[in-house]
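In what follows, a structure is listed as structure tokens, so that the remarks can point back to it.
Throughout, residue positions are numbered sequentially from 1 according to the sequence presented. Just so it is clear, the structure is predicted and the values come from calculations on it, not from any experiment.
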Amino acid sequence: MSILKIKRSVRKILGKPRLSLIVIIYDMPEQAKKTLYSLSSAYQQGVFEEEYEIIVIENSSKRPMGRAGIEGLSGQFRYYYREETQPTPVFAINFGRKVAKGGLIGLIIDGARMATPGMIRTIL
């Protein structure tokens with residue numbers, strides 16, 4: 001068994017990814033879904049889904065994406081909806097850091113961005 005397969009098996013057992021990528025979304029469900037797909041293991045290349053998690057934090061808005069926005073995406077996605085009244089992502093970022101499991105933390109404040117297919121691999 002290769003060292004890569006051993007590391008992958010250990011990550012699966014421990015449930016601890018190397019990277020936690022926190023994505024903050026607000027009032028943009030269509031764009032957020034595209035962004036999240038671009039972060040999924042179906043789109044990312046050269047990386048195993050056990051190596052990273054995507055923490056989606058949605059601040060309350062008139063057009064929420066909801067948990068349905070991550071259904072069907074391949075990878076480790078977690079969704080949180082926050083009733084936030086302050087016009088700042090700071091509280092959501094701090095919350096994301098508290099729930100993150102990875103040793104490395106990444107942040108996408110505006111969830112209307114597309115990732116390139118090798119972005120996660122390059123970060124790791």
Examine [X] and [Y] and state if one hydrophobic cluster contains both, with Ile, Leu, Val, Met, Phe, Trp and Tyr joined whenever side-chain heavy atoms are less than 4.5 Å apart.
X	Y	value
M119	M114	no
L19	F48	no
I108	I25	yes
I123	L36	yes
I93	V56	no

Do [X] side-chain atoms and [Y] backbone N/O form a donor-acceptor pair below 3.5 Å?
X	Y	value
E84	Q86	yes
Q44	T116	yes
S40	G75	no

task = Output the distance between atom CD1 (I22) and atom CG (L107), rounded to the nearest 0.5 Å.
result = 6.0 Å

remark   = Distance col, row F77:CZ vs I55:CD1, nearest 0.5 angstrom, shows 11.5 Å

Looking only at non-hydrogen atoms, find the nearest pair between [X] and [Y] and report the distance.
X	Y	result
I24	P89	CG2-CB, 4.2 Å
Y26	S61	CE1-CB, 3.5 Å
Y52	V47	CE2-CG1, 3.9 Å
L124	E51	CD1-CB, 3.8 Å
D27	K62	OD1-N, 3.9 Å
S20	G102	OG-N, 2.7 Å

request  = Evaluate the criterion side-chain contact (heavy atoms from CB on, under 4.5 Å) for residue pair M28 and T35; output intermediate values, then yes/no.
outcome  = CA-CA 11 Å; M28 57 176 134; T35 297; over 6 Å; no

R82 to F95 six-membered ring, cation-pi geometry met (6.0 Å, 45°) = yes

task = Determine, step by step, whether I120 and T122 satisfy the side-chain contact (heavy atoms from CB on, under 4.5 Å) criterion, reporting the C-alpha distance in whole Å, the side-chain angles of both residues, the deciding distance to 0.1 Å, and the verdict.
result = CA-CA 5 Å; I120 302 295; T122 302; over 6 Å; no

ask   = Is the number of heavy atoms from other residues, nucleotides or ligands under 6.0 Å of R97 CZ greater than 12?
value = no

pair V99-R78: side-chain heavy atoms closer than 4.5 Å = yes

request  = Give me the one residue out of Y80, Y79, Y81 that meets side chain to side chain donor-acceptor pair (under 3.5 Å) with E58.
outcome  = Y79

inquiry  = Taking K101 first and then E53, would you say they form a salt bridge - that is, a charged N and a carboxylate O separated by under 4.0 Å?
reply    = no

ask   = Does the pair R63/E30 count as a salt bridge with the N-to-O cut at 4.0 Å?
value = yes

